[in-house]
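From a predicted model like this one, the values you see are computed outputs, not experimental measurements. Side-chain atoms are counted along with the backbone in the values below, which use heavy atoms only and exclude waters and symmetry mates.
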Amino acid sequence: MEIIKIYNNNIIAVLLETNQIGLVTGKEIGFKAKQNKKLELTEEYQLFTFAEPNKSDIQRIIDQIDADALEIAREIVDKARETNDYPIVDSLLLQLADHISFKVELQKQDINIPNLLMSEIKVFYPKEFKIGEYGVTLINKNYQLNFGEDEASYLALHILNSSIHGRGTDVYKITDFIKEMVGFINEIYDKNIGYNDWTYERLIVHLKFLAQRLLLPEKTEKQIVLGDTFFEQSENELIKAQKIIQAANSLSKRIFGRTLGKNEEIYLSLHVMRMH
């Protein structure tokens with residue numbers, strides 16, 4: 001592999017024999033490296049490769065990305081891999097670094113973009129949200145900024161999406177499940193959720209999370225206890241939710257080989273009934 005860019009003492013970009021672009025991290029690797037020279041990968045270094053089809057896009061990001069953002073992204077990826085029990089794809093490193101560079105520039109211009117999914121991510125994805133908070137601490141310390149929970153939830157979303165893509169061929173099952181479930185929900189509620197609608201974005205995140213669970217064998221869990229307010233829904237709303245559960249069970253059996261557990265049925269019911 002050939003060294004094409006040196007970011008700092010710990011991160012360099014390389015061109016592989018396969019014509020892919022990658023990043024190599026390791027203590028003092030940049031200190032010893034020289035641009036356009038060959039690098040032999042040894043066990044103390046970690047290689048991140050990017051499988052995206054358009055190499056020019058990766059090259060553009062490699063050229064433009066901020067070295068500090070890349071270092072912070074590396075620490076977030078390390079924390080995610082250390083904390084989570086599912087695979088994290090290599091491309092998360094570049095996605096996070098690109099995201100951090102972009103958000104830092106916006107913040108410097110006093111442009112803030114709230115995350116409409118922040119409260120849901122904080123409640124339903126606490127592990128990923130905690131990693132996001134860890135990332136925000138690093139960003140704020142390095143850039144002397146004041147990002148908060150909105151940014152933590154954005155970082156958590158990147159980790160969640162990466163974990164789904166990290167499952168290889170399972171991404172097709174997840175995509176199929178989400179597509180058909182959105183069709184069922186639109187039909188039962190007699191509405192068409194727009195792709196740019198924040199309700200659609202929130203629904204997709206939760207369907208992704210549900211699909212991830214359905215890929216795994218059903219676990220014995222303490223059943224969620226519903227408060228009285230759940231049963232105060234109109235009879236019509238409860239009937240619609242039940243229809244969606246039936247459709248989800250049929251679809252899940254076909255795609256994942258199992259039906260939803262009771263907690264998964266409750267989880268889905270709660271979210272579809274919040275859509276209006």
Side-chain angles (χ1 to χ4, degrees), residues 1-105 108 127-128 130-145 147 151-152 154-156 158-163 165-168:
M1 63 184 70
E2 180 185 336
I3 299 167
I4 57 176
K5 184 164 183 174
I6 301 167
Y7 287 99
N8 55 32
N9 282 349
N10 302 317
I11 305 175
I12 63 173
V14 296
L15 181 65
L16 306 177
E17 287 78 4
T18 57
N19 207 34
Q20 286 177 288
I21 291 174
L23 293 171
V24 180
T25 67
K27 188 175 181 181
E28 295 188 348
I29 187 172
F31 179 74
K32 304 170 186 176
K34 292 186 179 179
Q35 196 155 328
N36 301 321
K37 296 293 184 180
K38 296 291 183 181
L39 172 72
E40 183 176 341
L41 194 66
T42 54
E43 61 181 19
E44 71 261 37
Y45 302 139
Q46 185 173 6
L47 172 66
F48 294 82
T49 58
F50 309 109
E52 283 80 355
N54 192 339
K55 195 181 83 172
S56 63
D57 287 345
I58 302 297
Q59 181 71 60
R60 176 184 55 78
I61 296 172
I62 290 287
D63 288 342
Q64 295 177 358
I65 213 152
D66 176 62
D68 289 340
L70 199 50
E71 182 66 35
I72 291 169
R74 182 190 64 79
E75 293 189 51
I76 295 171
V77 169
D78 286 348
K79 178 68 75 173
R81 285 180 165 163
E82 171 189 311
T83 304
N84 292 318
D85 55 359
Y86 49 70
I88 300 290
V89 293
D90 284 355
S91 58
L92 177 62
L93 177 67
L94 204 57
Q95 291 164 3
L96 283 173
D98 189 43
H99 170 84
I100 292 166
S101 293
F102 175 64
K103 292 301 288 290
V104 165
E105 286 305 310
K108 288 177 178 178
K127 282 198 303 184
E128 288 81 2
K130 193 170 183 64
I131 297 167
E133 289 185 309
Y134 169 77
V136 164
T137 299
L138 297 176
I139 296 167
N140 287 343
K141 182 178 179 180
N142 186 82
Y143 292 101
Q144 301 298 303
L145 295 172
F147 284 112
E151 183 56 28
Y154 276 120
L155 297 175
H158 276 287
I159 295 165
L160 281 165
N161 286 330
S162 170
S163 71
H165 293 300
R167 296 185 186 277

For the side chain to side chain contact (heavy atoms under 4.5 Å, CB included) test, which of Ile159, Leu92, Leu94 pairs with Val77?
Leu92

When rounded to the nearest 0.5 Å, the distance separating CG of Leu93 from CG of Leu23 is 5.5 Å

Could you list the residues that satisfy side chain to side chain contact (heavy atoms under 4.5 Å, CB included) with Tyr45, not counting sequence neighbours?
Val24, Ile29, Lys32, Leu41, Thr42

Side-chain heavy-atom pair Leu155, His99 within 4.5 angstrom cut-off
yes

Not counting sequence neighbours, which residues clear salt bridge (charged side-chain N to carboxylate O under 4.0 Å, His left out) with Lys5? List them please.
none

The side chain to side chain contact (heavy atoms under 4.5 Å, CB included) partners of Lys37 (sequence neighbours excluded) come to Lys34

Could you state the interatomic distance from CD (Glu71) to CD1 (Ile76), rounded to the nearest 0.5 Å?
11.0 Å

Between Tyr134 and Glu75, is any pair of side-chain heavy atoms under 4.5 Å apart?
yes

Ignoring hydrogens, what is the shortest heavy-atom contact between Ile3 and Val14? Give both atom names and the distance.
CA-CG1, 4.3 Å

To the nearest 0.5 Å, what is the distance between CD1 (Ile11) and CG (Leu70)?
4.0 Å

Rounded to the nearest 0.5 Å, the CD1 atom of Ile131 sits from the NE2 atom of His158 at a distance of 14.0 Å

May I ask you to decide if Gly30's main-chain N or O and Asn9's side chain share a donor-acceptor pair within less than 3.5 Å?
no

Does Asp78 have any side chain to side chain donor-acceptor pair (under 3.5 Å) partners at least two apart in sequence or in another chain, and if so, which?
Arg74

Student check: side-chain heavy atoms of Ile100 and Asp68 closer than 4.5 Å:
no

Can you name the nearest heavy-atom pair linking Ser101 to Ala69, along with the distance?
OG-CB, 3.3 Å

Find the distance between CD (Glu28) and CG (Asn10) and round it off to the nearest 0.5 Å.
7.5 Å

Once side chain to side chain contact (heavy atoms under 4.5 Å, CB included) is applied, do any residues pair with Phe147, and if so which ones, sequence neighbours excluded?
Lys103, Val104, Gln107, Val136, Ile139, Asn140, Leu145, Glu151

Heavy-atom distance under 4.5 Å between the side chains of Met1 and Lys38, does that happen here?
no

